[in-house]
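Working notes for the structure below.
Order of appearance sets the numbers: ligands from 1, and atoms from 1 within every ligand. Worth knowing before you read on, the calculation uses all heavy atoms, side chains too, and leaves out hydrogens, waters and symmetry mates. Numbering of residues begins at 1 and proceeds along the displayed sequence. Treat the numbers as computed from the prediction; the structure is a model and nothing was measured.
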Amino acid sequence: MKIASNADSGPHRRKGNSYQVTPDDIRQYDQQGYLILTDFLTDEELQTLDPWFDHFVQGKEPNMGRDFCDMSQPYGTPIEEFRLVNAMLPSKYREELVNNIYFQVAHSVANQLYSGTAIMDYEQFLAKKPQKEQAEFAMHQDLGYWPKTENTWTATFSLALSDSAIENGCLQVVPGSNKENELRNHKPIDHGQGGSRDESHTLVIETRETDEVVYLPVKRGDITIHDERIVHGSAGNLSNEWRKTYVMAFRDEETVKQERAMGFTHSHNDDVNWDEIIH
Ligand SMILES: O=C(O)CCC(=O)C(=O)O
């Protein structure tokens, strides 16, 4: 089993509300499609986010429709049965989260990884309940979920609000798969009703025998970043601990404009013809 780390990163990289990345980090992100940065936020900063995370994951935010769902089960699954809890676009629902400390530090890194203008496209709270073997996030490439745009550049940050370990289903990636010429074929996961975007939001790809999976365990306060083409996903939670992750994706400002012009906001409530606009 291969495990990745980044021993060179740490609290010394934080300068005010920014985090310095090195030329090696930038190269790694470009060539391998992912990056780990440790000690991204302090515990004090994380504590400003924790209550909001719990609020959403406990289903206390009203009127979210399909933006509050389980990514491992069909829409309509009763909340008590959720295992991979997903709350989309938290700062759309609660303005208290706009411009939060995570956004500020992540934005500083997105601007170092990208030569154009990177803006935040969407965020999501993801939680794996303890002892939920089936809390799997199916392997995919993010671009497979999104409409075609001219510029696909993306940096998706996953902030660990809890330790994220192999036992509680940390992120797994196939390094270098971001360099494949063709996007792999994605299809809706089949929960027993044939598989459609109305049944659940989740897409799945065929993995290949040649795929060499690397695990990205991180501590609370660390982040992983992955690009839009890397094959990734995560296994179920076999531990007694939650896995809590705050995902935030940055894309080029023109790309975001093109998405919005198609009616695509990353909300699961978007009224779009998925078959027409998606890759
Ligand atoms: O963190 C995970 O388990 C998967 C999240 C993911 O696939 C994503 O943010 O694109």
Side-chain angles (χ1 to χ4, degrees), residues 3-4 29 33-37 40 53 56-57 67 69-73 82-90 102-103 106 109-110 120-130 132-146 152-175 177-178 183-184 186 188-189 200-205 207 211 213-220 222-239 241-251 259 266-268 278-279:
I3 295 174
Y29 185 68
Y34 77 96
L35 185 62
I36 295 174
L37 298 173
F40 199 70
F53 188 91
F56 276 89
V57 165
D67 282 341
C69 65
D70 182 327
M71 286 299 284
S72 70
Q73 300 193 75
F82 278 17
R83 39 198 197 205
L84 175 51
V85 187
N86 179 34
M88 295 303 297
L89 308 175
Y102 174 35
F103 163 78
V109 170
M120 203 250 278
D121 187 11
Y122 75 94
E123 337 124 272
Q124 129 189 53
F125 287 151
L126 264 186
K128 289 187 183 180
K129 289 187 182 171
K132 296 287 179 198
E133 193 175 351
Q134 289 168 297
E136 288 173 20
F137 207 120
M139 293 299 263
H140 64 281
Q141 295 163 295
D142 289 342
L143 206 49
Y145 274 85
W146 302 336
T152 66
W153 183 88
T154 312
T156 300
F157 292 66
S158 298
L159 170 68
L161 290 174
S162 67
D163 290 352
S164 179
I166 290 167
E167 300 73 34
N168 66 358
C170 68
L171 196 63
Q172 305 173 14
V173 297
V174 179
S177 52
N178 56 313
L183 199 65
R184 298 193 193 180
H186 287 69
I189 201 163
S200 101
H201 192 75
T202 307
L203 299 177
V204 64
I205 51 169
T207 48
D211 286 345
V213 168
V214 170
Y215 293 79
L216 310 186
V218 283
K219 295 285 180 204
R220 172 170 159 88
D222 299 346
I223 57 157
T224 62
I225 313 176
H226 64 266
D227 81 4
E228 72 278 15
R229 300 189 79 99
I230 192 167
V231 173
H232 66 285
S234 58
N237 186 352
L238 301 174
S239 80
E241 308 299 328
W242 284 76
R243 177 182 163 218
K244 299 181 176 185
T245 310
Y246 186 173
V247 176
M248 189 176 283
F250 290 81
R251 308 195 80 195
E259 286 181 334
H266 295 266
S267 167
H268 294 194
I278 301 295
H279 274 275

| message | Once rounded to the nearest 0.5 Å, what's the spacing between atom OG1 of T224 and atom CG of L171? | response | 5.0 Å
Could you list each N/O atom of ligand 1 together with any protein N/O atom closer than 3.5 Å, one pair per line with the distance?
unit_1, atom_1, unit_2, atom_2, d
ligand 1, 1 (O), R243, NH1, 3.4
ligand 1, 1 (O), R243, NH2, 2.8
ligand 1, 3 (O), S234, OG, 2.6
ligand 1, 3 (O), R243, NH1, 2.8
ligand 1, 7 (O), H140, NE2, 3.1
ligand 1, 7 (O), H232, NE2, 3.1
ligand 1, 10 (O), D142, OD1, 2.9
ligand 1, 10 (O), D142, OD2, 3.3
ligand 1, 10 (O), H226, NE2, 3.2
ligand 1, 10 (O), H232, NE2, 3.0

| Any sub-3.5 Å donor-acceptor pair from Y145's side-chain atoms to L203's backbone N or O? | yes
| query | Side chain of T202, backbone of S72: donor and acceptor closer than 3.5 Å? | reply | no
| query | Among side-chain atoms of D142 and H226, is any donor-acceptor pair under 3.5 angstrom? | reply | yes
| request: Using the six-membered ring wherever Trp is involved, compare the ring planes of Y122 and H266 and label them parallel, tilted or perpendicular (cut-offs 30° and 60°). | output: parallel
| side-chain hydrogen bond (donor to acceptor under 3.5 Å, both in side chains) partners of T245, counting only residues at least two apart | R243
